[in-house]
Amino acid sequence: MKFLRTHTLLSRTLWMLFFLTILLLGQAVTLPGIDPTVAHVALEKQTYLQFLGVAVGGQLSVPTLFSLGLGPYMTGLIVWQAVTSLDLESVNRMSINQAGYIQKFITLIIAFLQGYPVLQYVQPALEPIYIGNTQVPTSIISFGAVLVLVAGAMFTVFLGNLNNDKGLGGISMMILPGVLMGLPKTLQVGWGSFDYKLTAINLIIAGIVMILVIIILVMLLQIELRIPLQKPLMEGSGSKSYLPFKLLIAVAMPFMFSSTLFMLPRNLVQGNYDFSQTGLGKFILLMTNQQTGLGIVNYGIIIMLLTYAFGFITVQPLRLTKQMKENNEYIFGVFSGSDNSKYLLDRFFTMATFGGLCFVIMAVIPLIIGLKYPGIANYTLYIGSVAILVTLIQVLWDQIRALYSKNHYRIF
């Protein structure tokens, strides 16, 4: 049995490494018909794309086969979870296969929507292609490149599903290489305003910060509110259970998308010089500047809003009420129905608020220090990447423990 456990774990580890190797090779192959040097210069200016690339495991500094990473899949998953949270009868009646096909279709559409803007940014990098003596129109080259990006995104999801079946960590492991490789650049370049020199002393500080953040996050991930449940028609120990509400109810999702949402309006305004000189344009630039007090407050608000949004989609407290009624479960001292819904919503917002504030504190401390020492502001993005990394490792470790428990299980 010990040999079986070791063999299973080794086999799954090798499969995971194999899939990650394919992903890395694909992210090193530049799209045909594109000058990588010109494309890098064009995309480097789109700061929000760089943040998004790190968060979803993509390669958005140069267009490659797998540039979009899991971006379309993650966005599609969020959209689908939002739909299911509406508790529509037609959605609830769907089979697993039907829901799976719809999610794949949503991912495909979003891949087009995310791939098209990337190609628009790198239009100057498109190289002429000739068939005989006839030059292929630029629009056709651009559309072909978008199709390759979309195909790469869908293949990334395919690799993730294979890893879910044969490897370790599930589909989320496809994000791991991008996060790991993006850590040094995130710390060094950060918001794109100030460079943080990777000297020996700064690397030591970064290592200490990483260790502290990992310890704090691991502790926070273990904190949960356990709401006791009663099952009147069941006797014995099975009549009592609990409903867990974790403190980090949205896990690292707020960190994953906060920087992108924070910088996107700034990039759009800076791309339009006339609008940037208007009162509204200047206000948007002020609110998205991490070197101002208003910008720091705005970034904290974005994290809180994302915590509530992703937490609500993940937990779906209103749907929990319906499930509890169907399972004949009750909260002691709380009437079923609207009172139960209100009770769960109150507990959800309490945990989401405290969890979101933990993230806000971790994010804004470097920004506040950065008002005096600008390079320190880069630690906000660095801490966010570490948070994503901790979440991925937590998923990996949970699966390893589950495999061990499964093969170690004894009835007597």
### Task
Starting at CG of D398, measure out to CG of L168 and round the result to the nearest 0.5 Å.
12.0 Å
### Message
Using side-chain heavy atoms (C-beta onward) and a distance below 4.5 Å, is I303 in contact with F359?
### Response
yes
### Query
More than 12 heavy atoms of other residues, nucleotides or ligands under 6.0 Å from CG of L280: is that the case?
yes
### Task
Return yes if a side-chain donor-acceptor contact under 3.5 Å exists between T380 and Q290, otherwise no.
no
### Query
Considering all heavy atoms of both residues, which atom of G160 and which atom of M174 are nearest to each other, and what is their separation?
CA-CG, 3.8 Å
#### Entry: Minimum heavy-atom distance between L108 and V150, given as atom pair plus value
CD1-CG1, 3.5 Å
### Message
Any heavy-atom pair between the side chains of L183 and L389 that's under 4.5 Å?
### Response
yes
### Task
Kindly say whether the aromatic ring centers of F349 and Y308 come within a distance under 6.0 Å.
yes
### N202 side chain to K197 backbone, donor-acceptor under 3.5 Å
yes
### Message
I want to check something: taking the side chain as every heavy atom from C-beta on, are E224 and L247 in contact at a cut-off of under 4.5 Å?
### Response
no
### Summary
To the nearest 0.5 Å, atom CD of Q98 lies from atom OG of S90 at 10.5 Å
### Message
With rounding to the nearest 0.5 angstrom, report the CD1 to CG distance, I227 to L320.
### Response
9.0 Å
### Query
Aromatic rings F19 and W15: how do their planes relate, parallel, tilted or perpendicular, breaks at 30° and 60°?
parallel
### Summary
On a heavy-atom basis, the closest approach of I296 and L367 is CD1-O, 3.6 Å
### Heavy-atom closest contact (P254 atom, F310 atom, distance)
N-CD1, 4.2 Å
### Task
Could you check V297 against M287 for side chain to side chain contact (heavy atoms under 4.5 Å, CB included), going step by step and ending with a plain yes or no?
CA-CA 8 Å; V297 171; M287 292 294 291; over 6 Å; no
#### Entry: Donor-acceptor side-chain pairing of T64 and S67 below 3.5 angstrom
yes
### Task
I would like to know whether V179 and V386 meet side chain to side chain contact (heavy atoms under 4.5 Å, CB included); could you show each step before the answer?
CA-CA 8 Å; V179 176; V386 173; over 6 Å; no
### Task
Give the intermediate values and the outcome of side chain to side chain contact (heavy atoms under 4.5 Å, CB included) for residues I223 and K246.
CA-CA 6 Å; I223 300 175; K246 288 188 173 294; over 6 Å; no
### Task
Report yes or no: does N164 contribute a side-chain atom to a donor-acceptor pair with the main-chain N or O of G170 at less than 3.5 Å?
no
### Validation row: L285, R266 side chains within 4.5 angstrom (heavy atoms)
yes
### Task
May I ask you to check whether Y382 and Y196 place their ring centers less than 6.0 Å from one another?
no
### Summary
Those residues at least two apart in sequence (or on a different chain) that pass ring-ring contact (aromatic ring centres under 6.0 Å, His included) with F262 are W191, Y299
### Summary of ring pair (Phe, Tyr, Trp, His ring centres under 6.0 Å) pairs that have at least one residue in residues 76-108, sequence neighbours excluded
none
### Task
Quick one: pull up OG in S172 and CD in Q394 and give me the separation to the nearest 0.5 Å.
11.5 Å
### V395 and Q399: CA distance, side-chain angles, deciding distance, side chain to side chain contact (heavy atoms under 4.5 Å, CB included) verdict
CA-CA 6 Å; V395 171; Q399 186 171 359; 5.5 Å; no
### Message
Do M173 and L396 have side chains that approach each other closer than 4.5 Å (heavy atoms only, starting at C-beta)?
### Response
yes
### Query
Between T278 and D274, is there a donor-acceptor pair closer than 3.5 Å when you use the side chain of the first and the backbone of the second?
no
### Task
With R347 as the cation and Y343 as the aromatic partner, state whether NZ or CZ is under 6.0 Å from the six-membered ring centre and within 45° of the axis.
yes
### Task
Specify the closest pair of heavy atoms between K166 and R12, including all atoms of both residues, with the distance to one decimal.
O-CG, 3.2 Å
### Task
To the nearest 0.5 Å, tell me how far I383 CD1 sits from T186 OG1.
12.0 Å
### Message
Less than 3.5 Å apart, any donor N or O on the side chain of T314 or Q81 sitting next to an acceptor on the other?
### Response
no
### Task
Specify the closest pair of heavy atoms between L371 and T292, including all atoms of both residues, with the distance to one decimal.
CD2-N, 4.1 Å
### Query
Is there a side-chain contact between K282 and F275 (heavy atoms, below 4.5 Å)?
no
### Message
With a 4.5 Å cut-off on side-chain heavy atoms, are M351 and V315 touching?
### Response
no
### Backbone N/O of F255 and side chain of S259: donor-acceptor pair under 3.5 Å
no
### Query
Between atom CE of M362 and atom CD1 of I216, what is the distance when rounded to the nearest 0.5 Å?
5.5 Å
### Query
F112 vs F143 aromatic rings, parallel, tilted or perpendicular, using cut-offs 30° and 60°?
parallel
### Task
Taking the side chain as every heavy atom from C-beta outward, state whether F155 and L65 have any atom pair closer than 4.5 Å.
no
